[in-house]
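What you see is a predicted model, and the numbers here were worked out from it, not measured in a lab.
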Amino acid sequence: MRRVTIYDTLSRESRLFVPRFPPRVGMFVCGLTPYDEAHIGHARVAVVFDVVARALARWGYRVFYVQNVTNIDDKILGRAGELGLDPFALAARHFGEWREAMERLGVRSVQYYPHATDYLPEILEQVGQLVDRGFAYRTDDGSVYYEVAKFPGYGKLSGQKVEALRPGARLEIDRNKHAPEDFVLWKAATPGEPSWESPWGPGRPGWHIEDTAITARLLGPRYDLHGGGLDLKFPHHEAEIAQAEAATGLAPLVNFWMHAGLVSMGGEKMSKSLGNVYSLTQALDEFGPMVLRFYYLNAHYRSPLEFTRGESLEAAREAYARLSLPYRRLRSQWDQEAPERVGEELPEELASASADLVDRLDETLADDFQTREVIAQLFVWGHRVAEWLPKLDRLSSGALATLAAPYRWVEETLGLFEEVEASGSSDLAAAVGVAIEARTRARTRGDFAEADRIRDALRSARIELEDDTTGTRWERTASK
RNA sequence: GCCAAGGUGGCAGAAUGGUUAAUGCGACGGACUGCAGAUCCGUUUCCUGGGGGUUCGAUUCCCUCCCUUGGCUCCA
């Protein structure tokens, strides 16, 4: 297992990552509340932690990665009410869209998506523990609140002091609560809304409780890694610590807290309530999943990312196209050929440079997941590969593998290049080959009108031609 | 007001107590081309918010101020 350092938001320092029970790693990331379409801010978190999980797995850790789905809460109920839909059907629909988007983006490291409503027994058990241990109280209306004053560590994650919260603008005024900062664990049922039976009366879970009930069940009372968007740090993650540590008496709940930077648009956080959103589906349709993935990983995960319509993803598309080009060429070579191929070998120096680079990529990523730096190093490698591109067809399969090694590393670990497919020897390749020959003959006899007609026809079939000194190549245009 | 994260070239965005402060986008020039595009090569030596301090040396460490963003019980 590789030595990995991770910046922990609780201690505010980078620390050596040591799981409680190596090589196993328990990892939890706050998922979404599927009441509406996801936007590109949500997907950033998903991609970032997908890379974390992929990398840890690559380095020999056995990661159990869980991401919850809040399928019951105020927003879902509110939206379902507006639309006249069943709240669970609404949640299921948007979660289905999310899974589809994740599949397109190559986010496949999440092993389990627990739904809040499947964990009612665990939720009730934890609320009960908190009541029994004196950290929570029932109010007359049948709700149960967490009494923040009873938990001295409250505020340690976000640096907030409880007294400082009191003048806060949005503390809800509720006579039932002992103190304004107390938060709801179990919310008494409202007529006409879904509810579950409990020792305190019918109701539904509060916002924070599902996460700790789920992790207590799946990952144990203490676990290794908890991630989420920066906007969840307070109050949500603070509440998770208070709930779990008070319920079990064991601390710390989590060894490493990771928070991903937010995506902003027009200088403000992208958020549905502000209306400055760019939908995930739209981004995927317009630019393709790999461009979006590249866009996210081209920044450090903790940095804020300012999204500019008409610029950000266009720039990412250009950069990604250039980054992936040498790999596309390499792939087109070895898939057309038999597994082993005799040919020219690379200079010793280049072969060892390839191996060194792969080592360096691991090292770079293991230092708090510096994906941007990994990409920068791959761009530099691309310049070295470039001089070999015109003579790829003369290289041995071993030489090709050497040139491709850093790309394969990035493909496996960052999940880029997934759309890169070999041209292959399919019927399509044969048909395109015939067309290219016809065009070449037309060009040779100076019939450029005919040559351009063929090029345009192929283009409309999403086949792009490129002429260079060695002849004409073709590629399928990225599917949308 | 309190808490947190930031401020680096035209833009995006890294890194580091020490030779020319990555990389990419864009721009410009060149090669290649029937043309276009793509690609390749080169240039874009005058970019680290202001002011103090520590140091032989600060963009990096410390103090302070300014500004931006996020949070202050809906949020990824």
Quiz item: For A:Phe448 and B:G34, do the ring centres fall under 5.5 Å apart while the planes stay under 30° apart?
Solution: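 It does: the ring sits over the base of B:G34.
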
Quiz item: Taking atom types as they are modelled, is there a donor-acceptor pair under 3.5 Å from the base of B:G34 to the side chain of A:Asp447?
Solution: no

Self-check item: Base-pairing string, 5' to 3', of RNA chain B - Watson-Crick or wobble, under 3.5 Å, | interstrand
Solution: (((((((..(((.....[....)))((((((.......))))))....(((((..]....))))))))))))....

Minimum-distance nucleotide (side-chain atoms of [X] versus [options]):
X: A:Phe234; options: B:A76, B:U73, B:G13; answer: B:U73
X: A:Arg443; options: B:U33, B:A14, B:A5; answer: B:U33
X: A:Arg455; options: B:A14, B:A36, B:A38; answer: B:A36
X: A:Arg439; options: B:A38, B:C35, B:A4; answer: B:C35
X: A:Val45; options: B:A4, B:G6, B:A76; answer: B:A76

Quiz item: Base, sugar-phosphate, or nothing: which does A:Thr308 touch, judged by heavy atoms less than 4.0 Å apart?
Solution: nothing

Practice problem: Looking at every strand, decide which applies to A:Asp452 at a 4.0 Å heavy-atom threshold: base, sugar-phosphate, or nothing. | Solution: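 Counting heavy atoms under 4.0 Å across all strands, the contact made by A:Asp452 includes a base.
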
Practice problem: Go along nucleotides 19-30 of chain B 5' to 3' and tag each nucleotide: B for a protein heavy atom under 4.0 Å from its base, S when only backbone or sugar atoms are that close, - otherwise. | Solution: ---BBSSS----

Quiz item: Closer than 4.0 Å, any side-chain N/O of A:Gln370 to the OP1 or OP2 of B:A14?
Solution: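 It does not, given that no N or O in the side chain of A:Gln370 lies less than 4.0 Å from OP1 or OP2 of B:A14.
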
Exercise. Give a yes/no verdict on a cation-pi contact between A:Arg443 and A:Phe448, requiring under 6.0 Å between NZ or CZ and the six-membered ring centre and an angle within 45° of the axis.
Key: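 Relative to the ring axis of A:Phe448, which defines the angle, A:Arg443 lies outside at least one limit.
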
Quiz item: For A:Tyr278, is the NZ or CZ atom of A:Arg309 found under 6.0 angstrom from the centre of its six-membered ring and inside 45 degrees of the ring axis?
Solution: no

Quiz item: Could you go step by step and tell me if A:Arg408 and A:Glu411 meet the salt bridge (Lys or Arg N to Asp or Glu O under 4.0 Å) rule?
Solution: CA-CA 5 Å; A:Arg408 304 190 85 156; A:Glu411 180 174 33; 5.1 Å; no

Exercise. Select from A:Pro235 and A:Glu306 the residue whose nearest nucleotide in RNA chain B is closer to the 5' end of that strand.
Key: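 This one resolves to A:Glu306.
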
Which atoms of nucleotides 59-70 of chain B (N or O only) lie under 3.5 Å from a protein N or O atom, and what are those distances?
from, atom 1, to, atom 2, distance (Å)
B:G70, OP1, A:Lys269, N, 2.9

Quiz item: Mind checking the C1' distance from B:U60 to B:G53? Whole angstroms is fine.
Solution: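 Looking at atom C1' only, B:U60 and B:G53 are 15 Å apart.
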
